[in-house]
2 protein chains.
Amino acid sequence: MAANSRFAVAVHALSMLAVHKDERQTSRDIAGSVATNPVVIRRLLAQLARAGIVESTHGAKGGFRLAKPADRVSLHDIYKAVEEGAFFVQHEKRNEKCPLACRMQKILAGVFARVESKVLPELKRTTLADLVGEIGLPA
Amino acid sequence: MAANSRFAVAVHALSMLAVHKDERQTSRDIAGSVATNPVVIRRLLAQLARAGIVESTHGAKGGFRLAKPADRVSLHDIYKAVEEGAFFVQHEKRNEKCPLACRMQKILAGVFARVESKVLPELKRTTLADLVGEIGLPA
DNA sequence: CATACTGTAACCATTGTAGTCACATATTTC
DNA sequence: GAAATATGTGACTACAATGGTTACAGTATG
C-alpha cells in the first residue's frame, strides 16, 4: 500500500462486521480479508471505536463488532473518524503584503466549501447497510 | 508547506495571471505572492502549460500568461492538470480468496464514482473568471 | 555579448503511511 | 490459578510524496 487508503480499508472492515453481525471478528480475521497486518487493523479500528462506531473486547473469544446498527453508520461518520481534515488543502503560507494573496485565502475557502457541500450529503446519505445490501447475500 | 497544496497554489497562480492579463508574470513574481520558491512555481506551471492552460516564453521580458480566456478555464481543468488520480483511493491489495474482499472492490468503486459525480460538475461549472470576479477590482 | 527568463535534473529535509515486533492488559477456558 | 487468546499501543523501519534549494542548459531581448 502506498497511497492513503484508510477510508477504503475502514469501509471494508466495517462491511465485514456488518455482514457477520452476530460473531465478533478479530483483527486477524479482518487483516486476512484486507491482506494487511493485524496491527494496522487494530489501529484503524481503535479510531472507529473512539468514534463510537465499533466496540471491542479483549481476550479469548474477543474481537470487534459494530456498536450500532449498520443503517445508522454513514460513510460520513466513517470518513470523519479515520481521515482528518478536508478534501482540499490550502497552502498556509502567503505574502501578507500582497492584496491578491490575501484575498485568495477567502476565495479558495469558498471554493472548497462549495465542493464539500456537494460531497457531504452524499456521504451522509449512504450507510453501511446500503453497502451490505449491494453485496448480495452474505456468506 | 506540508500537505498537498498543489491545487490551491495553481489556482492562486492562475488567478494572478488572470488579473494581470496583459503583462507576463515571472515565476519570481508569482512565487513572491505565494511565498514559495520560483522553481516550485515553474514546475507547477509547466504542468499547466502541458495542459494548454498557460503559455510561457523564455528570456528577458519573458514569463507566463494564460493560454486562453479566464472564462474558459474551469477548476476541473486545473485539477486534472496538477493532481493525479481520484479523490479517494482504494487499497490495492486484498485477499482474492475472500468473497467479501472481492466484492468490496466494486462496491467501493461505486461509492467513489457517486461522490465524484457530485464534485466534478461543481468544478467544471466554476471558472477562473468566476474567481477573479469574486476578488473585486484588480490591483 | 550581457541580461533575464524558463525547464529540469539533482539533492535534501520533512511528513505521512504501512508494516512489523514487542509487550502490557484483559478475558475466557480448562 | 494457569494457559491461551485478544486488544491497545509504543517503537522502529521502509517507502513514497511533497516542497525547498542549488545549479545549469537553453532561449529570448536589447
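In this text, all values refer to a predicted model and were calculated from it rather than measured experimentally.
- Atom P of nucleotide dT18(D) and atom CD of Gln90(A) are separated by 18 Å, given to the nearest angstrom.
- Atom CZ in Phe64(B) sits roughly 14 Å away from atom C1' in dA28(D) (whole-Å rounding).
- Spacing between atom CG of Asp29(B) and atom C1' of dA4(C) amounts to 12 Å, rounded to whole angstrom units.
- Relative ring orientation between Phe87(A) and Phe88(B) is described as perpendicular, the plane-to-plane angle rising above 60° on a 0-90° scale split at 30° and 60°.
- Distances shorter than 4.0 Å separate some side-chain N or O of Arg50(A) from OP1 or OP2 on dT9(D).
- Between the side chain of His12(A) and the backbone N or O of Ala8(A), no donor-acceptor pair lies under 3.5 Å.
- Between the C1' atom of dG7(C) and the CG atom of Leu48(B) lies a distance of 14 Å, rounded to the nearest Å.
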| message | Show, in sequence, the C-alpha distance, side-chain angles and deciding distance for Leu123(A) and Val115(B), and conclude whether the side-chain contact (heavy atoms from CB on, under 4.5 Å) test is met. | response | CA-CA 8 Å; Leu123(A) 291 180; Val115(B) 170; 3.9 Å; yes
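- With Thr126(A) contributing its side chain and Glu122(A) its backbone, the two residues share a donor-acceptor pair below 3.5 Å.
- In this structure, CG of Asn4(A) is placed 12 Å from P of dT18(D), rounded to the nearest angstrom.
- The CG-P distance, from Leu44(A) to dT9(D), rounds to 13 Å in whole Å.
- Counting only distance, with no hydrogens or angles, the side chain of Asn95(A) and the backbone of Gly32(B) share a donor-acceptor pair below 3.5 Å.
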For residues 37-47 of chain A, which side-chain N or O atoms pair as donor and acceptor with protein atoms under 3.5 Å away, sequence neighbours left out?
| unit_1 | atom_1 | unit_2 | atom_2 | d |
| --- | --- | --- | --- | --- |
| Asn37(A) | OD1 | Val39(A) | N | 2.9 |
| Arg42(A) | NH1 | Ser27(A) | OG | 3.2 |
| Gln47(A) | OE1 | Arg6(A) | NH2 | 2.1 |
| Gln47(A) | NE2 | Ala81(A) | O | 3.4 |

| field | Protein-to-nucleotide contact annotation, 5' to 3' order, nucleotides 20-30 of chain C [B base; S sugar-phosphate only; - none; under 4.0 Å, heavy atom] | value | BBB--BBBS--
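- Between Thr26(B) and Glu83(A), it is Thr26(B) whose nearest contact on DNA chain C lies nearer the 5' terminus.
- Phosphate proximity of dT17(C) to Ser5(A): absent, as no side-chain N or O sits under 4.0 Å from OP1 or OP2.
- OP1 or OP2 of dA18(C) has not a single side-chain nitrogen or oxygen of Lys93(B) nearer than 4.0 Å.
- Counting heavy atoms from C-beta outward, Val11(A) and Leu108(B) have side chains that approach closer than 4.5 Å.
- Rounded to whole Å, the distance from CG on Leu45(A) to C1' on dA18(C) is 15 Å.
- In this entry the distance linking CD of Glu55(B) with C1' of dA28(D) reads 15 Å, nearest Å.
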